[in-house]
> 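Before anything else, here's the structure in question.
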Number of protein chains: 2
Amino acid sequence: MKTPPEHGRREWSIQEIARAAGTTSRTLRHYQAAGLLQPSRVGHNGYRYYDGACLLQLQRILLLRDLGLGLEEIGKVLQGRTGPAAALHTHLAVLLEERDRLERRIAAVRKTIDATERGGQLMPEEMFDGFDHTQYKEEVEQRWGREAYAKGDRWWRSLSTRERQDWLEHSRQLQNDWVDAAASGTAPDSNEAQELARRQFHWLAGANGGQEVGYGYFTGLGEMYVADPRFSANYGGEAGAGFVRDAMKIYADRHLA
Amino acid sequence: MKTPPEHGRREWSIQEIARAAGTTSRTLRHYQAAGLLQPSRVGHNGYRYYDGACLLQLQRILLLRDLGLGLEEIGKVLQGRTGPAAALHTHLAVLLEERDRLERRIAAVRKTIDATERGGQLMPEEMFDGFDHTQYKEEVEQRWGREAYAKGDRWWRSLSTRERQDWLEHSRQLQNDWVDAAASGTAPDSNEAQELARRQFHWLAGANGGQEVGYGYFTGLGEMYVADPRFSANYGGEAGAGFVRDAMKIYADRHLA
DNA sequence: ATGGAAGTTGACGCAGCGTCAAGGTCAAGC
DNA sequence: GCTTGACCTTGACGCTGCGTCAACTTCCAT
């Protein structure tokens, strides 16, 4: 009593529809497990067989998948709990946001490539195009926080030329004063050093574009001055940088803790 | 012999750097497991401690992660096996391709929304804007394959107005002939029916924009004519659609197997 | 001493299948 | 009737980058 292969066959094996629809048998089993597509018949041996209606359903699933919908959403649409248009509208919003993020990321990558190719270092030393940045390394340090990197850039570009010059001048002054203080043998907890730390703090707060400069961030920065030779060099070597770090730490303990 | 909390502390607990860098302790452990960031010291109790150099390293990792690089790539960059610029260039290419796919997907979703909102059905019945499509339903059927959906659309838009009219006329003729043949009681394997199947095949091949029309695709389409009432209606009900399907199947067996 | 905050390792979860692994079925050729 | 090879089954791990318990241990302050 076997079913002879008749002329107008109306069902196919799993591989056959898979190929017909341009997908794989694994995917079909997955869809079944997800409750999206049941075989029209299952043989006594467990083999799955699919008919035209299944193929139709499968095509719908694949169409929606191609548009990027998740299997769960697709399930809702298929069983009519959600209109296709509504689901797609929701999905479209997600896609648009995704695109925005991608665009921003692409821009960021491009800028970082630019910076590293010119500067040779991973962390951009040369974000300030129009200036002779070899003279102004310090400001770079301030943007090492990762959010600060992105936000700080917007902040910087929002400034006028005059404001930028002021800010750079300010930073140079600050660095010089640090070096002087370190060289003069002042203690990190002296009034002099603490005043410098205070200036450093407010200068940073201004540069962070509304981003709060917290205890961890401030002291962390101090540590990095010591850890990174490119920076410590600007502060008179490890010793000088250590002095800056200590002073900043004390300031943080007193005012930010 | 405990280490007293001295003035210039140079290391922090896992939570402290995590907060300072704007991430979580779990992430730090993950990076360690991934070989990206080792604590500067591990206490006898298993506690992890990190110093300034670690913080520096962490910032680099987070910067790259923000740009979308995978941890593996980041690892290569950090240990100098890949230049940052090179890695970012590669990554940029990926991002650009990703953006392309996203754009296409967005366009497709928009069109599908349009179509379903006007047509009410998920499968777009109205892809042919300028025409009185209520008269031309058949062509829609041909684009059910999912790649065909996207590619077929580009194909269609690449045609001139004249070519479109020809194609539509052709499709209408074909449908009428099918209906006539079915009504006249012709057998599916008759010369007449097989000639219609041949026309159907070539008409499809033309419509698929270079996409091959294989055995599975062709027979599957026939099955769908029967399974979907919207289509079978156009072929004189289930009986007529069954006739078309059978004829297509025989044609496929003879010429596409 | 004790309670609460913070640390540890271990392991599951997620999205959508790809990809073995180990074994049953089926049609065909000898 | 037996072997071969193609195709089928279920089961389970893998991938990405952590989030999120769970079950304990340690540290610090009262």
Side-chain angles (χ1 to χ4, degrees), chain A residues 1-5 9 11-50 58 61-62 64-76 91 94 98 101 105 146 216, chain B residues 1-5 9 11-50 58 61-76 91 94-95 98 101 105 146 216:
Chain A
M1 268 305 215
K2 301 200 174 178
T3 56
R9 190 177 48 154
E11 64 182 19
W12 309 280
S13 75
I14 193 168
Q15 296 267 29
E16 286 172 326
I17 21 139
R19 269 199 290 269
T23 184
T24 71
S25 61
R26 176 69 178 89
T27 299
L28 291 177
R29 281 190 282 264
H30 188 60
Y31 288 168
Q32 181 180 358
L36 296 183
L37 179 67
Q38 303 304 324
S40 55
R41 187 174 72 83
V42 176
H44 65 289
N45 48 14
Y47 282 28
R48 294 164 174 83
Y49 295 100
Y50 301 82
L58 178 55
I61 295 173
L62 292 176
L64 293 175
R65 270 262 57 203
D66 247 33
L67 297 179
L69 269 83
L71 296 188
E72 194 172 357
E73 306 301 317
I74 293 178
K76 290 181 191 168
H91 184 54
V94 174
E98 212 166 307
R101 281 204 308 268
R105 181 166 285 186
R146 56 182 184 136
Chain B
M1 268 306 212
K2 300 200 174 177
T3 55
R9 189 178 49 154
E11 63 182 21
W12 310 279
S13 74
I14 194 168
Q15 295 267 30
E16 286 170 327
I17 21 137
R19 268 199 290 267
T23 183
T24 71
S25 61
R26 175 70 177 91
T27 299
L28 292 177
R29 280 191 282 265
H30 188 60
Y31 289 167
Q32 181 181 359
L36 296 183
L37 179 67
Q38 303 304 325
S40 55
R41 187 174 70 83
V42 177
H44 64 290
N45 48 14
Y47 282 29
R48 295 164 173 82
Y49 295 101
Y50 301 82
L58 178 55
I61 295 174
L62 293 176
L63 168 60
L64 293 175
R65 268 260 59 200
D66 247 33
L67 297 179
L69 269 81
L71 297 188
E72 193 171 358
E73 306 300 318
I74 293 178
K76 290 182 193 170
H91 185 54
V94 175
L95 291 181
E98 213 168 304
R101 281 205 308 268
R105 181 167 284 186
R146 58 183 181 133

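What you are looking at is a predicted structure, and each value in this text was computed from that prediction instead of being measured. In what follows, chains carry the letters A, B, and so on, assigned in the order in which the sequence lines appear, proteins first and then strands, with residues in each chain numbered from 1.
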> Can you check the A:Tyr50 OH to D:dC7 C1' distance for me, whole Å?
14 Å

> Phosphate oxygens OP1/OP2 of D:dC7: is one of them under 4.0 Å from a side-chain N or O of A:Ser25?
no

> Determine yes or no for a side-chain-to-main-chain donor-acceptor pair under 3.5 angstrom, with B:Thr24 supplying the side chain and B:Ala18 the backbone.
no

> Quick one: B:Arg48 CZ to D:dT26 C1', roughly how many Å, whole number?
14 Å

> Treating B:Arg105 as the side-chain partner and A:Asp66 as the backbone partner, does any N or O pair qualify as donor plus acceptor under 3.5 Å?
yes

> Ignoring backbone atoms, test whether B:His44 places a side-chain nitrogen or oxygen under 4.0 Å from the OP1 or OP2 oxygen of D:dC27.
yes

> Has A:Gln38 got more than 12 heavy atoms of other residues, nucleotides or ligands less than 6.0 Å from its CD?
yes

> Could you give the CG-to-P distance, from A:Asp66 to C:dC17, as a whole number of Å?
11 Å

> Please tell me if the side chains of A:Tyr50 and A:Leu58 come closer than 4.5 Å, counting only heavy atoms from C-beta onward.
no

> Take atom CD in B:Glu72; do more than 12 heavy atoms of anything else shown fall under 6.0 Å from it?
no

> Given atom CG of A:Leu28 and atom C1' of C:dC17, what is their separation to the nearest angstrom?
12 Å

> Take atom NE2 of A:His30 and atom P of D:dG11, then tell me their distance rounded to the nearest Å.
16 Å

> Would you indicate, yes or no, if D:dT10 has its OP1 or OP2 atom less than 4.0 angstrom from a side-chain nitrogen or oxygen of A:Arg29?
no

> Which part of the nucleic acid does B:Gly43 contact within heavy-atom distance under 4.0 Å: base, sugar-phosphate only, or nothing?
nothing

> Please answer whether the main-chain N or O of A:Glu73 pairs with a side-chain N or O of A:His91 as donor and acceptor at a distance below 3.5 Å.
no

> What is the separation between atom CZ on B:Arg65 and atom C1' on D:dG17, rounded to the nearest whole Å?
7 Å

> So, is A:Asn45 near the phosphate of D:dT9, with a side-chain N or O under 4.0 Å from OP1 or OP2?
no

> What does B:Tyr49 touch in the nucleic acid at a heavy-atom separation under 4.0 angstrom: a base, only the sugar-phosphate, or nothing?
nothing

> What is the distance, rounded to the nearest whole Å, between atom CD1 of B:Ile14 and atom C1' of C:dT9?
12 Å

> List the protein contact pattern of nucleotides 18-24 of chain C with one symbol per nucleotide (5' to 3'): B for base contact, S for sugar-phosphate-only contact, - for none; contact means a heavy-atom distance under 4.0 Å.
BB----B

> Measure from CD on A:Gln32 to C1' on C:dC17 and round the result to the nearest Å.
15 Å

> Roughly how far, to the nearest 0.5 Å, is the CG atom of B:Leu71 from the CG atom of B:Leu37?
11.5 Å

